[in-house]
Undergrad: 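One structure, as structure tokens, below. Some questions next.
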Amino acid sequence: MPVLHWTSRLLYSSRFSRHLTMNQDRIYSKPLAQVGQFEFDDSVANVFPDMIARSVPGYSSMLAMIEQITLRHATPNSQLYDLGCSLGAATERMRLHAPTSCTLHAIDNSQAMITRLRDRLKETSRTACKIITHENDIRSVSVENASVVVLNLTLQFVPCSERLPLLQSIHDGMQPGGVLLVSEKVCFDDVKEQKLMTDLHLDFKRAHGYSELEIAQKRTALEESLVTETLTVHIDRIQACGFCQVSVWFRCFNFASMIAIR
Ligand code: GEK
């Protein structure tokens with residue numbers, strides 16, 4: 001790939017994201033007799049780009065900054081990890097902005113997501129760094145010689161008691177100076193702040209066309225699988241693993257993204 005100024009490379013990669021099809025998310029639009037637990041199955045994978053864009057305020061900013069962070073921090077011959085990659089929106093951004101000598105691991109335990117990602121990768125350019133896709137649980141992956149690790153909205157699906165060991169093993173497999181990016185839905189200790197941020201997030205979803213029924217049924221489905229924690233809990237745990245610097249670089253309502261330097 002020719003050497004481009006980073007702003008040109010950002011534009012270049014946005015053309016790739018058009019390969020993600022945008023079927024509309026109507027999964028919870030009809031009343032369900034019983035709302036089952038949320039799963040990253042075929043029905044979700046089919047509508048995922050639309051679902052996440054209409055549900056997570058600032059998702060596109062998270063992707064854009066993953067691109068920028070990769071460009072600055074990915075070192076030659078190192079490994080990059082997109083943990084809980086879904087359809088590979090962040091993978092794609094990282095791939096084009098890492099040195100071509102890097103290896104990028106895109107990992108997700110949803111077969112529906114990984115199958116679609118593999119199909120899509122067959123169609124995209126091979127001039128950027130190598131990608132290895134893994135249908136696997138991120139808790140059983142061994143991170144090694146990593147310069148950039150991304151947990152974009154994934155840690156929230158890992159049981160709380162397993163978050164520290166996961167982050168510790170990521171830390172231990174990173175190069176000094178390597179960067180970990182963690183984006184999460186978060187909660188608040190203060191009851192009024194919790195209510196205000198939740199209300200603003202619900203307004204965001206309404207403004208993006210979700211009905212009250214869709215919002216209520218999805219919330220029920222996610223109740224047990226997506227467990228939020230406060231930013232303080234996240235930051236303290238990241239520091240406890242040995243990361244020397246943690247910064248919140250993005251916040252919008254009840255979503256936040258942190259970068260940590262090993
Ligand atoms: C993006 N990062 O577009 N092991 C592997 N994968 C997991 C695990 C696990 N233990 N738990 C959940 N997942 C993406 C968005 S979505 C966020 C990430 C959301 C996977 C799960 O299968 C799903 O694909 C992803 O994590 C979460 O930048 O849906 O809110």
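Counting convention: from 1, in listed order, for ligands and their atoms alike.
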Undergrad: Might you point out which heavy atoms bring Q168 and A240 nearest each other, and give the distance in Å?
TA: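 Distance-wise, the nearest heavy atoms are OE1-O, 4.1 Å.
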Undergrad: Is it the case that Q175 and T75 place a side-chain donor and acceptor less than 3.5 Å from each other?
TA: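 Yes, because at least one side-chain N or O of Q175 sits under 3.5 Å from a partner of the opposite role on T75.
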Undergrad: Check whether Y28 forms a cation-pi arrangement with K218 (NZ or CZ under 6.0 Å from the six-membered ring centre, at most 45° off the ring normal).
TA: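 No, K218 does not sit over the ring of Y28.
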Undergrad: Note the single closest protein heavy atom to atom 29 (O) of ligand 1, along with its residue, its atom name and the distance in Å.
TA: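 Nearest protein contact, heavy atoms only, for atom 29 (O) of ligand 1 is F40 CE2, 3.2 Å.
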Undergrad: Could you tell me whether some N/O pair between A90 and ligand 1 is separated by less than 3.5 angstrom?
TA: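 No, no N or O pair falls under 3.5 Å.
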Undergrad: For atom 10 (N) of ligand 1, which protein heavy atom lies nearest, and how many Å away is it?
TA: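 Checked against all protein heavy atoms, atom 10 (N) of ligand 1 sits closest to D137 OD1, 3.1 Å.
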Undergrad: Got a sec: does the CZ of R219 have more than 12 other heavy atoms crowding it under 6.0 Å?
TA: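 Atom CZ in R219 is not packed in, count stays at 12 or less.
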Undergrad: Tell me which one of L166, T154, V44, D108 gets a heavy atom nearest to atom 22 (O) of ligand 1.
TA: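 When every heavy atom of L166, T154, V44, D108 is considered, D108 comes closest to atom 22 (O) of ligand 1.
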Undergrad: Are D199 and R206 within salt-bridge range, i.e. N to O under 4.0 Å?
TA: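 R206 and D199: not salt-bridged.
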Undergrad: Please work out which of I138, I114, V150, L87 has its closest non-hydrogen atom nearest to atom 4 (N) of ligand 1.
TA: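 Of the listed residues, I138 has the closest heavy atom.
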Undergrad: Below 4.0 Å from ligand 1: does a non-hydrogen atom of Q156 turn up there or not?
TA: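 Flag set, Q156 near ligand 1.
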Undergrad: Among all protein heavy atoms, pick out the one at the shortest distance from atom 12 (C) of ligand 1; state its residue, atom name and that distance to 0.1 Å.
TA: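 For atom 12 (C) of ligand 1, the nearest protein heavy atom comes out as F157 CB, 3.7 Å.
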Undergrad: Quick check: D82 and ligand 1, any N/O pair under 3.5 Å apart?
TA: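 The answer is no, given that D82 and ligand 1 share no N or O pair closer than 3.5 Å.
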Undergrad: How far is atom 28 (O) of ligand 1 from the closest protein heavy atom, and which atom is that?
TA: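 Here the nearest protein heavy atom works out to N152 ND2, 2.9 Å.
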Undergrad: Under a single-linkage definition using a 4.5 Å side-chain heavy-atom cutoff for Ile, Leu, Val, Met, Phe, Trp and Tyr, are I259 and Y59 assigned to the same hydrophobic cluster?
TA: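 As far as the 4.5 Å side-chain criterion goes, Y59 and I259 are connected within one cluster.
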Undergrad: For the backbone of E184 and the side chain of Q156, can you confirm whether one donor and one acceptor N or O come within less than 3.5 Å of each other?
TA: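 No, the answer is negative, given that no donor and acceptor are paired below the 3.5 Å cut-off.
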Undergrad: Has the side chain of D25 got a donor or acceptor atom that lies under 3.5 Å from a matching backbone atom of D50?
TA: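 It does not hold such a pair.
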Undergrad: Name the closest protein heavy atom to atom 1 (C) of ligand 1, giving the residue it belongs to and the distance to 0.1 Å.
TA: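 I find the closest protein heavy atom is Y59 OH, 3.5 Å.
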Undergrad: Restricting to non-hydrogen atoms, name the atom on V227 and the atom on R163 that form the minimum distance, rounded to 0.1 Å.
TA: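 Distance-wise, the nearest heavy atoms are O-NH2, 2.8 Å.
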Undergrad: Is it true that N136 lies under 4.0 Å from ligand 1, counting heavy atoms only?
TA: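 Right, N136 reaches ligand 1.
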Undergrad: Could you tell me whether some N/O pair between G84 and ligand 1 is separated by less than 3.5 angstrom?
TA: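 So ligand 1 has an N or O lying under 3.5 Å from an N or O of G84.
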Undergrad: Among all protein heavy atoms, pick out the one at the shortest distance from atom 5 (C) of ligand 1; state its residue, atom name and that distance to 0.1 Å.
TA: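 The answer is N109 N, 3.2 Å.
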Undergrad: Within ligand 1, which atoms have a heavy atom of S110 less than 4.0 Å away?
TA: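 Counting from 1, the qualifying ligand atoms are 22 (O).
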Undergrad: Got the closest protein heavy atom to atom 25 (C) of ligand 1, with its distance?
TA: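 Going by distance alone, atom 25 (C) of ligand 1 is nearest to S86 OG, 3.4 Å.
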Undergrad: Measure the distance from atom 17 (C) of ligand 1 to every protein heavy atom, then report the residue, atom name and distance (to 0.1 Å) of the closest one.
TA: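 It is L153 O, 3.2 Å.
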Undergrad: Are the side chain of R237 and the backbone N or O of L167 linked by a donor-acceptor pair below 3.5 Å?
TA: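 No; judged by distance alone, with no hydrogens or angles, the pair does not exist.
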